[in-house]
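To start, the structure under review is shown below, and the notes come after it.
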There are 4 protein chains.
Amino acid sequence: MVLSPRKLPKQGRARATCDAILEAAAHIIARSGLAAFNTNAVAERAGVSIGSLYQYFPNKDALMVALIQRQQQGQLDTLMAAAATIDPAADLQTVVRALVRAAMQHHRTDDLLATAIDHEEARLPVDDLIGHYLDQGGMLVAALLANFQDQIGPVEPQVAARTLPALVRAVTDAWANLTPPQLDTAEDEAVKAVLGYLR
Amino acid sequence: MVLSPRKLPKQGRARATCDAILEAAAHIIARSGLAAFNTNAVAERAGVSIGSLYQYFPNKDALMVALIQRQQQGQLDTLMAAAATIDPAADLQTVVRALVRAAMQHHRTDDLLATAIDHEEARLPVDDLIGHYLDQGGMLVAALLANFQDQIGPVEPQVAARTLPALVRAVTDAWANLTPPQLDTAEDEAVKAVLGYLR
Amino acid sequence: MVLSPRKLPKQGRARATCDAILEAAAHIIARSGLAAFNTNAVAERAGVSIGSLYQYFPNKDALMVALIQRQQQGQLDTLMAAAATIDPAADLQTVVRALVRAAMQHHRTDDLLATAIDHEEARLPVDDLIGHYLDQGGMLVAALLANFQDQIGPVEPQVAARTLPALVRAVTDAWANLTPPQLDTAEDEAVKAVLGYLR
Amino acid sequence: MVLSPRKLPKQGRARATCDAILEAAAHIIARSGLAAFNTNAVAERAGVSIGSLYQYFPNKDALMVALIQRQQQGQLDTLMAAAATIDPAADLQTVVRALVRAAMQHHRTDDLLATAIDHEEARLPVDDLIGHYLDQGGMLVAALLANFQDQIGPVEPQVAARTLPALVRAVTDAWANLTPPQLDTAEDEAVKAVLGYLR
DNA sequence: AATGAATGAGAATTCATTCAT
DNA sequence: AATGAATGAATTCTCATTCAT
């Protein structure tokens, strides 16, 4: 099955329509899960006709793949933005905290969406797509940690790119799902976990 | 909607049928994901009629809930079995390695099933069910780690019960999804991550 | 794509349902052509739910294939019935007239259905199915004409099975589409055409 | 519904566009049958926008009617060209062979297109159109056969115009669909069939 | 004139669920 | 208790047609 988008709208209304569809899809999954994710609901929420949705995405899975890509790109963007703000003279803990914050930004919210994307990444043939973003993210993280080779073990970029966000998510989820949620503690604990792992 | 099973047969043919249905459901999700999970397919694979499936489960979500419960129970069983084999005089690293092995047993396989259950746990009203197993697992882990209060920080049972398996899974996934997979390294790294986090 | 029927109901209600669906499909095409042939209309006219239709036929093309088979079987049945009534001592013209009558029975009516089936036979992968019926029909015709080897040329069964009904149809259509239609003449002319061709 | 073309451009770019559309329609049907014949596909293959297609044809059926007309005109042209080359002193068999060749030119190829047009002619209100071409063709054939009234029966032009091509097609198809196809034999057999019918 | 994005009715197909046997 | 045919609402997807640019 073809899973690539039908058109790659660079500009104007088409781009806006395409974005609205992806946004609507993300919203529906985040609110009600994969069970409520259907193309009619997406089109309606996006405020476009069902026909338009299929102009941009040849089928439902292609829409999901685009959503995965969007999510990956978003994470990479967040990571790059975080990296850009890090003081080159910062110490290891500060760097890690910045990374943790970047990762948390994407996981503290939308557990339903995050788990949905995890599942769909495992179901759909998106290895190349994921690999690409892992490479990008891994290189970035490796570069940020390169100054600290004396304090930490060797960093395998692909492994780091997978492990660190997942560690953060593991810890964050644990603290966020307590009653009451303890998000502040979550960040501290996540930093501890990452540092513990790296050393 | 009613999400509890219609019957909880403890023994005999009914129990076998019920198990066959859950086994079939798990198999289908593990093979093809949530998108392929439907009651007719489950009944067919289980070798029972669709009518029989609805004798045991009032609706599809109830079947999913039972699957979640089964998974949680399985994890707890594995953990308890692991705990039973641990030498009371073992050191921290040995205990952690035993816990890691128990956790890996459930996550190394069936990424599709594991992510599906994550998603459905977030979607369905199973907080009480999850809480129960977290309590059980948390108490067990806390007890196992009680001897090492001098080497590690304080252990919040519910948090530990959520975090440790998730940490293991994070690390395991990262190493398992390399090409080629490096499952042996995964275990060592997971132990490191857990120890790093606990200290 | 799978084009074989989902079930081959031998008996009872299922067989009746299956027949009703095929009958409805034939009726709709005969009345309004391929453009009006859709599964919802077929199910409605057959008096069954759309779900039931898909219990018996996995998709629309499979329904069409079943219709083709039904048509071929019907023609063969008609031919066999005609053959059974032929006096073994009959002369060539009498035999040919019986064959012509059998062929006309299927073509005088339902031009829309006949042309639709012609088209779909060319579109769908039904060569084996058609071949089977051509063999059967060809053998029957060859046997009927075997007594007249002195009056006619050699008869290639497959060719005869294709040619004779088509000849009949060609002539029949020509006379039937005059205004007013001249069906009586059609039969005489068709006999002439076939005899002319055989000699 | 209006089925006549919006414009009948005799020349220039518009005529070329119109031809390209009809050519594309014929190609799609010939390749994939009526099931794949849709206006968007036709426009794309013709290299024009869907809007332009609707400038020339008010709806899909009108496009089909134009295709039928094109086909009929093509056959008439072929027939006229064939007639023009016939030696006035030629004998019956030679004349018939020329007619057969003309008819075969249109039917040997594109079984899918030919059967599609047959079906659509039966579905759409094109009696007048068909009648016109039958008259033209019938007159031509009658004229060609007028010299041979002693060798053949009386020729009804409309009947002849319908019957002869259909006879040719019947015989041609039978021989062409053998494995391997025997196109050379087909022509001889078609001549025999036509002569047999005329006498 | 030409374009092609957008529309939405409608067609194909699925699947959760019921119920007569 | 078990069966599985039947249902039909819901879902995916198509395609004839329009219309703003």
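Numbered from 1 within each chain, the chains take letters A, B, ... in sequence-line order. Computation of the quantities below employed the complete heavy-atom set of this structure, encompassing side-chain atoms and omitting hydrogens, waters and symmetry-equivalent molecules.
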Nearest whole Å is fine: how far is F:dA9 P from C:Tyr54 OH? 17 Å

What about A:Asn40: does its side chain form a donor-acceptor pair under 3.5 Å with the base of F:dA10? no

Could you pull out the closest heavy-atom pair between A:Asp19 and A:Arg70, with the gap in Å? O-NH1, 4.5 Å

How close or far is atom C1' of E:dA11 from atom CG of C:Asn59, stated in whole angstroms? 14 Å

Pairing donors with acceptors under 3.5 angstrom, does anything connect the side chains of A:Gln72 and A:Glu121? yes

Whole-Å distance, B:Phe37 CZ to E:dT14 P, equals 18 Å

Quick one: is D:Tyr56 getting a side-chain N or O under 4.0 Å of the E:dA1 phosphate, OP1 or OP2? no

Quick one: is D:Thr39 getting a side-chain N or O under 4.0 Å of the F:dC15 phosphate, OP1 or OP2? no

What is the separation between atom CZ on A:Arg6 and atom C1' on F:dT14, rounded to the nearest whole Å? 9 Å

Please confirm whether the backbone N or O of B:Leu112 pairs with a side-chain atom of B:Thr115, one donor and one acceptor, at under 3.5 Å? yes

Taken to the nearest whole Å, CZ/D:Phe57 to P/F:dT18 is 16 Å

E:dA5 OP1/OP2 closer than 4.0 Å to side-chain N/O of A:Ser52: no

I need the CD1-P distance between D:Ile50 and E:dA2, as an integer number of Å. 14 Å

Does the D:Asn59 side chain pair with the main chain of D:Val2, one donor and one acceptor, at a distance under 3.5 Å? yes

Can you list the steps and then say if A:Gln73 with A:Asp77 is a side chain to side chain donor-acceptor pair (under 3.5 Å)? CA-CA 6 Å; A:Gln73 184 66 52; A:Asp77 289 346; 2.9 Å; yes

With respect to the phosphate group of E:dT3, does any side-chain polar atom (N or O) of D:Ser49 fall under 4.0 Å of OP1 or OP2? yes

Taking any strand in view, what nucleotide pairs with F:dA20 in a Watson-Crick or G-U wobble way, both distances under 3.5 Å? E:dT3

Just how far, in rounded Å, is C1' of E:dG10 from NZ of C:Lys60? 12 Å

Pair of N/O donor and acceptor under 3.5 Å linking F:dA6 base with C:Gln55 side chain: yes

D:Asn38 atom CG is separated from E:dA12 atom P, nearest whole Å, by 14 Å

Can you work out whether D:Val48 or C:Met1 has the more 5'-proximal nearest nucleotide on DNA chain E? D:Val48

